[in-house]
Amino acid sequence: MRHDLLILFFILLSSALMADEHSNEAPSFKVQGIVTDEKGEGLPGASVWVKGTVVGAGTNAKGEFSFKLSSKNRCVLRVSFTGYEPQEREVTPGVDSLYHFVLEPSNNALNEVVITGTRTLKPLKDVPVLTRVISSEDIAQVNPLDLQSLLEYEMPGLQFGLAHGSGLPELKFQGSAGGYVLFMIDGERVAGEGSSNNIDYNLIDMDNVERIEIVKGPMSTLYGSQAMGGVVNIITKDANRPFTGNVSVRYGNNDESKYSLSLGTKQGRFSALTSLSYRKRDAYALKDKEGQIEYSYYKDIYGRDSVVADTSEKGMSSVNGFEIWQANQKLSYTFNENFRISLNGTYYNNDVLEYVEQKEQDRFSNYSINPRVYYAINDSHILDFSYVFENYEKRYVYTTSLPSKKVFGDLTNTVRLNYTGYIHEKHTLTAGIEVNTQKLQHYWFDNGSGKKFDAQTYVLYLQEDYKVSDSFSVLAGVRSDCHSKYGFHASPKISLMYKYGVLTLRGGYGMGFRIPSLKELHSEYDMGGQGFFMIYGNEDLEPEISHQGTFSAEVTKGIFNGSVSGYYTRFFDEIALGLTSDGKDQQYYNADDATRTGVDVMAQFRFKSGLTLKGAYAYIDVHSEVDGYNMASDRPHSLTFTANYSKTFGKVGLSVALNGRWMSSVETWYKNSAGGYVKNEYESRTFCSLNFGARFPRGFRFMAGIDNLFDFKDKNVTADQSVTPQRGIGFIGTLSVNIADLLKL
């Protein structure tokens, strides 16, 4: 299948090139101009594109742009630049005069264009599906080494912990585990597994990220299984100038370093961007400051309730490091206003570093190929064909002369044909067909014998975005999944949006649907390798179904933007891992009904002086009870906050950003081997980072940061694996050079 689709892709490419040779004989008409800020300074890297087509350009170091169209008909140019209000203007190709766009700073980011909720480009303020955007400006303020660090400072209600056994990061978001959150890169799902049921979060190279779009809950028709808790779509950078180049070096005193290089071009119809990076962070270990008190509740021999308080000895917990090489390649060619073809590829290699060297070392690797074809039949009807091949592997690499051993292989193919139709200016119809195949080899299958299982899913989806009036719109759709084992299932969604002055109200209902993973179905794993404790899959598992209702109110006035949103989710046949009837082993099973309830509050002020204040709060009420004991370790209250100030002095721009996160304490229970229930109490935690930035002429930028500013350390790192322990103050320095600005290209 993979080879057939690649052959089809290159046939399409060859045909298009032949057609393009003929089209070169037709006349072309130039569109050129300049984009400046309110002070008359050119804006390098601004985006200029023709609405209703696939043609566009980026501005050079002086803010200039130029491209050609095959028609002299009047068209509409849209110009955008991060942090500025976008502009649209009707122009006539071939006119000799330059088009001058002057962009004004924006009070908020609501005019920023997003794509995740609808698969169509749409301003954030007009999207009925509640969407959160982490912009390039937000990313720069945090200056994170990895995705985990960024999300912890930007998303309350989210927490990263360490998976039992592997010690790799695992996620909880709004009470849902990492396997319930769908991570995508440029609209395509990420394959593979780092820790249990979580993706390998190190796959994301933060230097290659333009922005991140987050849709909470199962509110999107377009993405299906594994999106019950939400969708995180990571949008990577494109070549947005005639010449693009950047080199950066990062170093931290806590044994971390990073080196990255990107080079690209956007010349006429051709665009290319190559990104290379090397990242390393050593493993480290932390000791308990004090022993964890465990309260064990049980029935004594007389049937009376009894309790034992035990102060365990101080322990030690280690956090794995990594050594990563990664390369990303983007290629794109625009044949005319209606036809564009692109090819993206990625290679990734991660050697996991352990605090105590073992005889074998984990090595994760991945490569993916993603060709896409965009064809605009006309201004109102657009087709988008894509194919993704991804091969993610885990190997044991031995310190002796033994050859490496493949223990995990996730081979996936995804084919999608998507149609978008703009009908009568009020209706946007999105429809598509999708085929997903997976072949999985897992070390949990038959004790790592190399056994493989496969599954196929065939998908149809239909979504209607109806703008009833300037103040009211409806987004409704249904997704139909047909699985090779579980057959057909339809999941409806609906979202409503109403605007009244400065107030925007959104509400919706979404049905979530998650098919059991191949691991949950077929596991047979000897935990520890001694035959004392087995983990079994369950081929009788039923798919999980959820029903979620959401409501939000958003106010935007001048420099202020704030929102309050709430959600309630009920799960049926939730898949859990628990003890078998004999109490000796564990097996996946469908648990009783579960609920998630939460409230999110966000407020932001952007002052004209350059000061930005932002805060977000999340409350989560998670019930995961067994015999009346709550087993959930989700912290009910969490808060993130940011204060950023930036100012330009002559040609030097200076900035300072304070980012912080607070999480409340929590009590959680687990069942010990004797059948008694044990209560653990985890303390609240607060940590902050402070970053100073300086932007100099000719593309030089320097950032200095202090991580964990107030030297917070968890008292008990051994017991609480639901969060990643803090290791003390860290000092970070980053130097980057924009080669295009350096050479004034």
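Everything numeric here is computed off the predicted structure, so don't read it as measured data.
Glu256 has no carboxylate O lying under 4.0 Å from a charged side-chain N of Arg281, or vice versa, which leaves the two without a salt bridge. The residues Arg479 and Glu434 are annotated as salt-bridged, a charged nitrogen and a carboxylate oxygen being separated by less than 4.0 angstrom. For Lys51 and Glu88, the salt-bridge test passes: some basic side-chain N is under 4.0 Å from an acidic carboxylate O. A salt bridge links Glu154 with Arg132; the closest basic N to acidic carboxylate O contact falls under 4.0 Å. Looking at Lys519 and Asp410, no side-chain N of the basic residue comes within less than 4.0 Å of a carboxylate O on the acidic one, giving no salt bridge. A salt bridge is absent between Asp186 and Lys237: the closest approach of a Lys/Arg side-chain nitrogen to an acidic carboxylate oxygen does not fall below 4.0 angstrom. Comment: Arg698 does not engage Asp741 in a salt bridge, judged by the lack of any side-chain N to carboxylate O separation of less than 4.0 angstrom.
Asp454 contributes atom CG, which lies 7.5 Å from atom CG of Leu518 (distance to the nearest 0.5 angstrom). A distance of 10.0 Å separates OG in Ser135 from CD1 in Ile212, rounded to the nearest 0.5 Å. If you take OH on Tyr348 and CG on Asn366, they are separated by 8.5 Å, rounding to the nearest 0.5 Å.
Between the side chain of Asn370 and the main chain of Tyr387, a donor-acceptor pair closer than 3.5 Å is present. Although no hydrogens or angles enter the test, the distance criterion places no donor-acceptor pair under 3.5 Å between the side chain of Glu213 and the main chain of Asn233.
Residues Thr412 and Lys439 bring no donor and acceptor atom of their side chains to less than 3.5 Å of each other. Donor-acceptor pairing under 3.5 Å is lacking for the side chains of Asn436 and Thr457.
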